[in-house]
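Counting convention: from 1, in listed order, for ligands and their atoms alike.
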Amino acid sequence: MREQLPFGLDDVKRWNGTYPTPFYVYDAEGIRNCVRELYDAFSWNEGFKEYFAVKATPTPGVLRLLASLGCGADCASIPELLLAECSGISGSSIILSSNETLPEEYRAAAKLGAIINLDDITQIEHMEAACGIPETVCCRYNPGQFSNTNGIMGHQYDSKFGMKPDQLLEAYAELRNKGVKHFGLHAMLSSCSLDENYYPNLARELFTLVLRIHKVLGIDIEFVDFSGGIGIPYRPEEKAIDMMKIGAAVHIVYDELLTANGLSVRIYTEMGRYITGPYGYLVTRVVGKKHIYKEYVGVDATACNLMRPAMYEAYHHIRVLGKETEPAEITVDVVGSLCENNDKFAVNRGLPLTDIGDYLVIEDAGAHGHSMGYNYNGKLRSAELLMETDGSVSCIRRAQTPEDYFSTLDVDTAFTAAKAESII
Ligand code: LLP
């Protein structure tokens with residue numbers, strides 16, 4: 001959570017005049033400052049580039065902003081490749097980091113000139129059959145054991161991602177024999193890590209491997225992709241990481257292992273959560289209050305809008321707008337309206353006394369928030385707004401309508417549209 005929200009009750013009331021709750025709002029300036037700091041932290045590395053993980057916030061309004069700051073895109077599907085393209089990100093500024101990749105996905109990536117990141121040695125054959133052998137290929141690494149692994153990613157032995165060290169070397173040799181000219185190395189060994197040693201330790205692991213590949217195969221890896229995995233402080237007691245410190249610590253490892261051995265690589269990252277997570281908010285209104293064995297505050301958002309609490313029991317801080325200074329004296333569950341008992345944004349959370357109509361802001365929802373939305377119970381996905389520093393917003397994704405919902409179904413859409421109009 002951030003110390004202060006970049007907007008207040010009056011702003012939300014104004015926006016709500018046009019956009020019904022629930023809606024997402026992103027703080028453009030917050031995102032800009034975050035990206036600038038990331039580039040500053042790695043400015044010592046020539047060619048450093050952030051390939052934003054599109055899955056975190058797959059909205060062109062956000063991707064265009066990131067493109068304007070020099071970011072590329074990390075994509076995992078054809079629609080994500082298209083999202084990058086229509087946001088002005090193209091060619092080698094796109095990485096396809098997928099697994100169990102389909103022939104049409106290789107083909108699409110190759111046609112766009114995107115970098116393909118292979119998750120497994122068997123993918124060489126699949127890729128070749130689908131689109132031939134590109135000049136540049138990246139390979140994803142799984143060391144089996146790694147000191148900083150945590151929760152969402154799981155233990156590396158149990159992780160489905162990447163190749164074992166011996167497979168990785170074999171893959172590079174095979175790719176070289178098939179004509180690949182430029183090589184990259186990729187690994188994502190943690191998720192939501194607030195440990196400032198994660199990237200320096202990952203750098204040590206990967207740069208050591210770069211050296212080994214150089215010595216054993218005579219192949220010079222040109223870029224090393226740390227992927228994402230940097231965490232954000234969801235809970236009030238957690239502390240944000242210091243990116244400048246991390247960049248400096250990686251620099252030391254770089255000089256020790258690469259510069260000292262006459263090698264150099266471009267560092268790439270594919271952060272999602274760190275870039276947009278803290279700068280996106282889900283705004284919802286209290287629609288019901290219920291007292292049974294516990295106190296419930298019901299809101300008009302559901303897990304369909306933000307599934308992280310239901311899926312991972314993830315903590316998202318909640319503020320009651322206009323009541324920020326009131327004591328958090330009531331212990332409540334904040335719940336949505338799904339027919340699912342895990343549709344809870346907070347369990348046993350202290351909040352000020354709320355009233356029906358109050359606006360709640362669910363924080364740190366900017367990454368893996370709207371993007372993980374779904375339509376269970378026929379719930380429609382919300383709008384996304386982009387806020388500028390003057391408090392104005394632009395709608396970068398309109399809310400779904402019943403018409404959108406019915407558009408893929410085997411029904412008479414004119415009938416459902418007319419019905420919808422007569423009852424809504
Ligand atoms: N690159 C690759 C290949 C990835 O698979 C991911 C995330 C990222 C980059 C971005 O990672 P980030 O910087 O956002 O940690 N749904 C979960 C997160 C799953 C992450 C999946 N991969 C959540 O809501 O916490």
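Once rounded to the nearest 0.5 Å, the distance linking CZ of R266 with CD1 of I221 reads 11.5 Å. To the nearest 0.5 Å, atom CE of residue M307 and atom CG of residue N342 are 8.5 Å apart. I115 contributes atom CD1, which lies 8.5 Å from atom CG of D225 (distance to the nearest 0.5 angstrom). If you take CD1 on I246 and OH on Y274, they are separated by 7.0 Å, rounding to the nearest 0.5 Å.
At least one N or O atom of S227, backbone or side chain, sits closer than 3.5 Å to an N or O atom of ligand 1. On a distance-only criterion, G229 and ligand 1 share at least one N/O pair closer than 3.5 Å. Ligand 1 has a nitrogen or oxygen under 3.5 angstrom from a nitrogen or oxygen of D74. The N/O atoms of R140, backbone and side chain alike, include none that comes under 3.5 Å of an N/O atom in ligand 1. Between H186 and ligand 1, no N or O atom pair is found at a separation short of 3.5 Å. Where the criterion is an N or O separation shorter than 3.5 Å, residue side chain and backbone included, Y312 meets it with respect to ligand 1.
Among all heavy-atom pairs drawn from G61 and I396, the shortest one is CA-CG2, 3.7 Å.
Ring-plane geometry between H251 and W44 is classed as parallel, the angle between the planes falling under 30 degrees on a 0 to 90 degree scale with a further cut at 60.
The contact set between ligand 1 and A53, taken as ligand atoms under 4.0 Å from a residue heavy atom, comprises 8 (C), 9 (C), 10 (C). Each of the following atoms of ligand 1 lies closer than 4.0 Å to a heavy atom of M372: 16 (N), 24 (O). Contact atoms of ligand 1 toward M271: 13 (O) (distance under 4.0 Å to a heavy atom of the residue). Listed by atom number, the atoms of ligand 1 under 4.0 Å from G228 heavy atoms are 9 (C), 11 (O), 13 (O).
Side-chain contact between M163 and L118 is present, with at least one heavy-atom pair separated by less than 4.5 Å.
Put simply, the residue from N16, T284, T354 that forms a side chain to side chain donor-acceptor pair (under 3.5 Å) with Y359 is N16.
Of all the heavy atoms of A56, none lies under 4.0 Å from any atom of ligand 1, so neither backbone nor side chain is involved.
Which of M311, M188, R308 comes nearest to atom 23 (C) of ligand 1 through a heavy atom is settled by distance: it is R308.
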